[in-house]
Undergrad: 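Please find one structure pasted underneath; my questions will follow.
When a residue number appears, it is its place in the shown sequence, counting from 1.
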Amino acid sequence: MPTLKLMLVRHGQSVGNTEGRMEGQISTGLTPLGEQQAWRLGQHLAATGWQPTQIYCSPLGRATATLAALVAGFGGSSPAASAAGAGGQPQPVDFPAAVPLPPGPAVPLAFSDDLKEYDAGIFTGLTWAEARDRTPDLCHRLETSLDWQPIPQAETLAQGSARAQRFVDHLLSHHRNGDRILVLSHHWILQHIVARLLGCDRAWGLPIDNTACFEFWLDHNRWNRPGLDRLNTELWQIKRFNDTRHQLTAPAVKTEAAPPK
């Protein structure tokens, strides 16, 4: 039975990740490890025959750099240059409207602002130590209370959750059974997208590793039907959840291919 297959992926390790920065909606580039993580994922998808019919990507640099390395790995070549660039800044990539992923046809690519990471407002780009120095009272409230505290200029939790729902609604209105959708995004917003797919009324904290994969298979034709079909586990399946097995071993590649240094 054909299903709608969704593969959600977090970006590779960024320079900001290694420095403990709250990158939010700015972006540093990938580290060499982050490039290799994305490259290995591309190799894995190619080796297992997971050929997407549509790609969605966050427009932030750490996500687009992940896409570039993934596409290189999928095609059996290594990334031409480090996506981190001078000073850790992502290098711009001119993506076509459809990405070539042999042996199939070119895959349509769309960038979505709804896939951006949480907007951290005045904390954007800071480490927690830097945030404490600049706003000690606010950071003290955040450290001592589990209740939500507003951060100046940041989006609210409800706004982030609404973005996630809007993206899920877009997927379900624009795609059908038989489609394979690859989504490249970020830690915080992926938690909310997963919650929306699971029908949760709360977001769950998940320690999502870089390039971790979440793969959902669902029967699009029955998604909105009430009744016992919602309890039928043949119609709704989670094939991967926070899966990073592709990082453990390098799949077989063409002889001319080489992993990134």
Undergrad: Spell out, yes or no, whether W188 and I26 are grouped together once hydrophobic residues are joined by side-chain heavy atoms under 4.5 Å, including indirect joins.
TA: no

Undergrad: Can you give me the closest heavy-atom contact between P108 and T53, atom names plus distance?
TA: CD-O, 3.3 Å

Undergrad: Any link between L182 and F74 through a network of hydrophobic side chains (Ile, Leu, Val, Met, Phe, Trp, Tyr) touching at under 4.5 Å?
TA: yes

Undergrad: I need the minimum non-hydrogen distance between R196 and S161, along with the two atoms involved.
TA: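 For R196 and S161, the tightest heavy-atom pair comes out as NH1-OG, 3.1 Å.
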
Undergrad: How many angstroms lie between CG in L8 and CD in Q191, if you round to the nearest 0.5 Å?
TA: 12.5 Å

Undergrad: Hey, could you give me the CZ/CG distance between R40 and L33, rounded to the nearest 0.5 Å?
TA: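 One finds 9.5 Å between CZ of R40 and CG of L33.
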
Undergrad: Are V9 and L60 linked, directly or through intermediate hydrophobic residues, by side-chain heavy-atom contacts shorter than 4.5 Å (ILVMFWY only)?
TA: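 No, because L60 and V9 fall into different hydrophobic clusters, even though each may have its own neighbours under 4.5 Å.
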
Undergrad: Hey, could you give me the OG/CD distance between S58 and Q25, rounded to the nearest 0.5 Å?
TA: 8.0 Å

Undergrad: Just to verify, what does F167 make a ring pair (Phe, Tyr, Trp, His ring centres under 6.0 Å) with, not counting sequence neighbours?
TA: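 Testing F167 for ring pair (Phe, Tyr, Trp, His ring centres under 6.0 Å), a comparison that skips the adjacent residues, returns Y56.
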
Undergrad: Under 30°, 30 to 60°, or over 60°: which ring-plane class applies to F214 and F216, parallel, tilted or perpendicular?
TA: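 It falls in the parallel class, under 30°.
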
Undergrad: Just jot down the side chain to side chain contact (heavy atoms under 4.5 Å, CB included) partners of D219, sequence neighbours excluded, or say none.
TA: M1, N177, N221, R222, L235, W236

Undergrad: Determine, for K116 against D113, whether the closest basic-nitrogen to carboxylate-oxygen distance falls under 4.0 angstrom.
TA: yes

Undergrad: Do you see a donor-acceptor pair shorter than 3.5 Å between the side chains of E23 and T124?
TA: no

Undergrad: Can you tell me if R134 has over 12 outside heavy atoms packed within less than 6.0 Å of its CZ?
TA: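 Counting other residues, nucleotides and ligands, CZ of R134 stays at 12 neighbours or fewer.
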
Undergrad: Is there a path of hydrophobic side-chain contacts, each under 4.5 Å between heavy atoms of I, L, V, M, F, W or Y residues, that connects L231 with L197?
TA: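 L231 and L197: separate clusters.
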
Undergrad: Mind checking what makes ring pair (Phe, Tyr, Trp, His ring centres under 6.0 Å) contact with H220, not counting sequence neighbours?
TA: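 If we apply the ring pair (Phe, Tyr, Trp, His ring centres under 6.0 Å) test to H220, skipping adjacent residues, there are no hits.
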
Undergrad: Assess whether a salt bridge exists between K5 and E215, defined as any Lys/Arg side-chain N lying under 4.0 Å from an Asp/Glu carboxylate O.
TA: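 Salt bridge absent between K5 and E215.
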
Undergrad: Can you find a pair of side-chain heavy atoms, one from I189 and one from R163, that are under 4.5 Å apart?
TA: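 In contact.
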
Undergrad: Determine, for R21 against E19, whether the closest basic-nitrogen to carboxylate-oxygen distance falls under 4.0 angstrom.
TA: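 Yes.
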
Undergrad: Within this structure, what is the CG-CZ distance for the pair L206 and R10, rounded to the nearest 0.5 Å?
TA: 11.5 Å

Undergrad: Is the closest side-chain donor-acceptor distance between E234 and W217 under 3.5 Å?
TA: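 No, because no side-chain N or O of E234 sits under 3.5 Å from a partner of the opposite role on W217.
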
